[in-house]
There are 2 protein chains.
Amino acid sequence: MDPKIKHRLEARAKIIKAMAHPSRLFIVDQLARSAYCVCELQEMIGDDMSTISKHLSVLKNAGIIKDEKKGAQVYYSLRVPCAIKFFDCVEDVIKRNIEEQKMIAQ
Amino acid sequence: MDPKIKHRLEARAKIIKAMAHPSRLFIVDQLARSAYCVCELQEMIGDDMSTISKHLSVLKNAGIIKDEKKGAQVYYSLRVPCAIKFFDCVEDVIKRNIEEQKMIAQ
DNA sequence: ACCTCTATTGGTTATTTTACCAATTCGCCA
DNA sequence: TGGCGAATTGGTAAAATAACCAATAGAGGT
């Protein structure tokens with residue numbers, strides 16, 4: 001494979017990979033509505049705070065979210081509004097999968 | 001976290017995870033244009049055929065692509081047209097990341 | 001200055017993913 | 001029916017990911 005194309009694919013994969021985790025999807029979904037600090041997200045998700053912090057760093061490193069310090073807290077927000085559009089398509093796939101399941105079950 | 005929400009997030013993550021690999025992104029991109037058999041994709045990507053076959057099974061298992069036997073060959077095609085829309089948003093993120101890189105470099 | 005609350009980082013372990021090779025299955029044709 | 005090409009499956013080793021705990025860093029208040 002052409003190394004230039006390969007490099008582009010890797011860049012794309014990095015961004016998609018950053019979203020490819022239940023907690024990180026949840027975070028993106030929440031940040032699409034409003035900014036939250038780490039401890040708020042931690043309370044919603046329930047995992048250890050260090051785990052949440054690492055998820056946030058993955059998303060930030062991919063350029064999907066941004067952070068802003070406010071005193072002791074760090075508030076995160078969505079950097080790219082279109083990130084939510086992912087969900088529309090994903091839901092399409094899920095719907096289709098469920099429909100097909102029903103078809104087979106008949 | 002509410003188990004119902006958790007389950008939905010896992011379902012979404014599975015689909016996104018299926019896309020989160022350079023070769024699989026390439027495959028989706030190609031199949032968006034036309035159907036291809038495994039050996040054609042293998043030639044384009046260059047990895048072992050068993051590797052390609054496993055990538056295809058991941059995508060198929062997620063409901064993103066479908067397969068159709070034609071004699072000895074198996075042709076794969078996109079099952080969900082919107083899968084390409086992923087790329088638009090991903091490209092947005094990449095563009096922004098590059099812009100920011102330039103800003104910082106100044 | 002000290003304590004506390006918030007967040008990140010380092011370290012460890014368990015799990016998952018990936019890629020290759022080898023073996024097997026399946027269809028086709030001589 | 002024997003062999004060939006296409007594809008999948010099983011096995012294995014290396015690498016990446018994820019979650020926790022512990023330790024550290026910073027800000028704010030007392």
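Values reported hereafter were calculated over all heavy atoms of this structure, with side chains retained and with hydrogens, waters and symmetry mates removed. Sequence lines set the chain letters: A, B, ... in the order given, protein chains first and strands last, and positions in each chain run from 1. What you are looking at is a predicted structure, and each value in this text was computed from that prediction instead of being measured.
- When the P atom of C/dT18 is taken as reference, atom CD1 of B/I45 falls 13 Å away, rounded to whole Å.
- As a whole-Å value, the separation of A/E68 CD from C/dT6 C1' is 16 Å.
- For the atom pair NZ (B/K60) and OG (B/S53), the distance works out to 9.5 Å, reported to the nearest 0.5 Å.
- When rounded to the nearest whole Å, the span between CD1 of A/I52 and P of C/dT8 equals 11 Å.
- Nearest nucleotide to the side chain of A/S50, out of D/dC21, D/dG10, C/dT8: D/dC21.
- Both A/K69 and A/S23 sit near DNA chain D, but only A/S23 has its closest nucleotide nearer the 5' end.
- Side-chain to base pairing of A/K54 with C/dG11: one donor and one acceptor N or O lie within less than 3.5 Å of each other.
- For the pair B/H55 and C/dA19, the criterion of a side-chain N or O lying under 4.0 Å from OP1 or OP2 is met.
- A salt bridge is defined here as a Lys NZ or Arg NE, NH1 or NH2 lying under 4.0 Å from an Asp or Glu carboxylate O, and A/E100 with B/R79 meets this definition.
- A/V74 has its side chain out of reach of A/L56: every pair of non-hydrogen atoms, C-beta onward, lies at least 4.5 Å apart.
- If you take OH on A/Y36 and CD on A/Q30, they are separated by 5.0 Å, rounding to the nearest 0.5 Å.
- The CG atom of B/L41 sits 9 Å away from the P atom of D/dA7 (whole-angstrom rounding).
- Taking side-chain N and O atoms only, A/H21 has a distance below 4.0 Å to OP1 or OP2 of D/dA19.
- The shortest distance between side-chain heavy atoms of A/M1 and B/F26 falls below 4.5 Å.
- If you check D/dA6, C/dT6, D/dC21 against the side chain of A/D48, the one that comes closest is D/dC21.
- At the heavy-atom level, B/Y76 lies under 4.0 Å from the strands shown only through sugar-phosphate atoms.
- Contact annotation for B/S57: no contact, since no heavy-atom pair falls under 4.0 Å across all strands.
- Side-chain proximity of A/R24 to D/dA18, D/dA19, D/dA6: nearest is D/dA18.
- Listed nucleotides: C/dT8, C/dT6, D/dC20. Nearest to the side chain of A/T51: D/dC20.
- Straight-line distance from the CD1 atom of B/I27 to the C1' atom of D/dA7: 14 Å, rounded to whole Å.
- Going from atom CE of A/M49 over to atom P of C/dC5 covers 12 Å, rounded to whole Å.
- Minimum atom distance to the side chain of A/A72 is reached by C/dT6, of the listed D/dA7, D/dT8, C/dT6.
- Using a 4.0 Å heavy-atom criterion, one finds that A/K60 contacts no nucleic acid atom at all.
- Rounded to a whole Å, the CG atom of A/L59 is 11 Å from the P atom of D/dA18.
- Counting to the nearest Å, the P atom of C/dC5 and the CD atom of A/Q42 are 14 Å from each other.
- Applying the side-chain contact (heavy atoms from CB on, under 4.5 Å) test between A/R24 and each of A/I65, A/V58, A/I64 identifies A/V58 as the sole match.
- Within the 4.0 angstrom heavy-atom criterion, only backbone atoms of the sugar-phosphate kind lie near B/K17; the bases stay farther away.
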